[in-house]
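Numbers restart at 1 for each chain; the letters A, B, ... are given by sequence-line order, proteins then strands.
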2 protein chains.
Amino acid sequence: MATGRTHRPATTRSRGIPEATVARLPLYLRALTALSERSVPTVSSEELASAAGVNSAKLRKDFSYLGSYGTRGVGYDVEYLVYQISRELGLTQDWPVVIVGIGNLGAALANYGGFASRGFRVAALIDADPAMAGKPVAGIPVQHTDELEKIISDNGVSIGVIATPAGSAQQVCERLVAAGITSILNFAPTVLSVPDGVDVRKVDLSIELQILAFHEQRKAGEEVPPEEETAPPAAPPAATVTKRPDSGPDGDVPAVMPA
Amino acid sequence: MATGRTHRPATTRSRGIPEATVARLPLYLRALTALSERSVPTVSSEELASAAGVNSAKLRKDFSYLGSYGTRGVGYDVEYLVYQISRELGLTQDWPVVIVGIGNLGAALANYGGFASRGFRVAALIDADPAMAGKPVAGIPVQHTDELEKIISDNGVSIGVIATPAGSAQQVCERLVAAGITSILNFAPTVLSVPDGVDVRKVDLSIELQILAFHEQRKAGEEVPPEEETAPPAAPPAATVTKRPDSGPDGDVPAVMPA
DNA sequence: TCGTGTGAAGTAATTCACAGCC
DNA sequence: GGCTGTGAATTACTTCACACGA
């Protein structure tokens, strides 16, 4: 999962709905919306689960936390379920969001159609570069960071997206929080620290690739058998280094990587 | 968490390392790299955990799956740990990746520095639009989809990034897999189906925002107490609809949302 | 009869708490 | 004395399997 919460221990069930379930509701919603467009009236847990890429037991259990919205022997009413999930997710109102940091990524986010179509409205684009100020991106003029507090309070924004370089992210985060933002989606490759009551989710492209590389390496390792010992890596610290019995092939050279 | 695996049940412990631990290793690595740049020689689990945004018990447990790389009473040797985690993640080799779909997002990804700096090399950019062919993005000329198979086999690419519109994603995915790709990072808002042995991770911007909206709504709901009943929503299907005792405030109107 | 809804069972992840080593 | 490493306890999540209602 490209993501993770920060505050509020994952253990806290939000209104009794497990966090893992909440994370899947948008998936179900997307599948249901597609069915709705094709005017499919009802759907079984099996069909919907398959469209959402999960198994049907999980889906039924997930829905059971919301209430009993299906009909035994029949399935779920698509339109009704779309509404119930939308309401549960808070998508029956629209949420103004601000995007801070209008570089390549910020601009891509501003242009991303998936926001507007799901109850999110880009209320403002903010960048620290004065040269950007006034330039329209995705039809919205970029405003300077100086205006940040005013923009947020004037528009009643509670969700902020950080797409700045890592070095500025914490500072931007603090200004957002001070200005009243209580939910942050962070694309900067850095850990944000926020006070209690503020939610942070992060999306880190390089972390996702690293996780893939881990599994990729494993696949490769299965084909190539033992592999002869190469010179052991960087000098261990002055300590007895034990290794798990099942630990993998030794690599070759330390190769410390840049930031 | 912006993400999730697809095949290979999450239950499968890769070489004994829990999936949840693997997902945190890149986080530790990033924190360690920062310490390394500041020439900090050793770090305690407490300090490192705080820098990575997790608690120290979790961090120590995570490291215990890799081996015993610390020194009791002292902490962990930064350089050594950087190497060990890099090796575990497969980052001591570099991984060529292809990015398919060079729109706003694809271009942003191509320009993203975090890839190159961590062992990933953008081997090629691929787009279906003939008008894009030859145009350089991030210094790399875009190639046409026709070349996809050749590019992958010529460069021995095993990791692919899909940044196409949702409608083309599955088809692109199938071509990638047929050409030998075994790990996919999917930015298209769609569920990809892949054969066994292929890993998929997804990043969906709109899903992340929806999860934030859920929690945001909850916060708002805590302030506003009971709230008078509004007219009940969309006509329920012909069935007795039960609701969980603790279910939330009723919204107002169905408001079916577009795709 | 069919498919939902859900207790119960099973599995994974987290946290506790302390023995062991420096 | 301080901090790692790890079994044990806890909590969260998933899957099973079947009663129940349409």
Engineer: Where each residue is assigned the nucleotide of DNA chain C containing its nearest heavy atom, which of Asp62(A) and Val74(A) is assigned the position nearer the 5′ end?
Structural biologist: Val74(A)

Engineer: With a 4.5 Å heavy-atom cut-off, do Lys202(A) and Phe187(A) have their side chains touching?
Structural biologist: no

Engineer: Distance check needed: dC3(D) C1' versus Phe63(B) CZ, whole Å only.
Structural biologist: 14 Å

Engineer: Taking the minimum atom-to-atom distance to the side chain of Lys61(B), which one of dG5(C), dT15(C), dT15(D) wins?
Structural biologist: dT15(C)

Engineer: What nucleotide among dG5(D), dT14(C), dC16(D) has an atom nearest to a side-chain atom of Ser68(B)?
Structural biologist: dG5(D)

Engineer: Using only side-chain N and O atoms of Tyr76(B), determine if any of them is under 4.0 Å from OP1 or OP2 of dG5(D).
Structural biologist: yes

Engineer: Can you list every pair that meets salt bridge (charged side-chain N to carboxylate O under 4.0 Å, His left out) and has a residue in residues 38-59 of chain B, with sequence neighbours left out?
Structural biologist: none

Engineer: Where each residue is assigned the nucleotide of DNA chain D containing its nearest heavy atom, which of Gly75(B) and Arg24(A) is assigned the position nearer the 5′ end?
Structural biologist: Gly75(B)

Engineer: Tell me: OH of Tyr65(B) to P of dA12(C), nearest whole Å?
Structural biologist: 11 Å

Engineer: Quick one: which protein N/O atoms are closer than 3.5 Å to N/O atoms of nucleotides 18-20 of chain D? Pair and distance per line, please.
Structural biologist:
{"from": "dC20(D)", "atom 1": "O2", "to": "Arg72(A)", "atom 2": "NH1", "distance (Å)": "2.9"}

Engineer: Are any of Lys58(A)'s side-chain N or O atoms less than 4.0 Å away from OP1 or OP2 of dT15(D)?
Structural biologist: yes

Engineer: Measure the distance from CD1 on Ile17(B) to C1' on dT14(C) and round it to the nearest whole Å.
Structural biologist: 17 Å

Engineer: Examine the side chains of Thr92(A) and Arg87(A) and answer whether a donor and an acceptor come within less than 3.5 Å of each other.
Structural biologist: no

Engineer: Could you check Val177(A), Val172(A), Asp199(A), Ile159(A) and say which one makes a side chain to side chain contact (heavy atoms under 4.5 Å, CB included) with Ile184(A)?
Structural biologist: Val177(A)

Engineer: Going through the distances and angles, do Tyr80(B) and Tyr69(B) end up as a ring pair (Phe, Tyr, Trp, His ring centres under 6.0 Å)?
Structural biologist: CA-CA 8 Å; Tyr80(B) 187 60; Tyr69(B) 293 144; 5.6 Å; yes

Engineer: Separation of Leu66(B) atom CG from dT6(D) atom C1', in whole Å?
Structural biologist: 14 Å

Engineer: Look at the side-chain N and O atoms of Asn55(B) and state whether any lies under 4.0 Å from the OP1 or OP2 oxygen of dT15(C).
Structural biologist: yes

Engineer: Tell me: CD of Glu19(B) to C1' of dA13(C), nearest whole Å?
Structural biologist: 12 Å

Engineer: Between the side chains of Thr33(A) and Glu37(A), is a donor N or O closer than 3.5 angstrom to an acceptor N or O?
Structural biologist: no

Engineer: Taking atom C1' of dT4(D) as reference, at what distance in whole Å does atom CD of Glu46(B) sit?
Structural biologist: 12 Å

Engineer: OP1 or OP2 of dG3(C) versus the side-chain N and O atoms of Ser45(A): is any pair under 4.0 Å?
Structural biologist: no

Engineer: What is the distance from CD of Glu47(B) to P of dG2(D), rounded to the nearest Å?
Structural biologist: 14 Å

Engineer: Pairing donors with acceptors under 3.5 angstrom, does anything connect the side chains of Thr190(A) and Gln170(A)?
Structural biologist: no

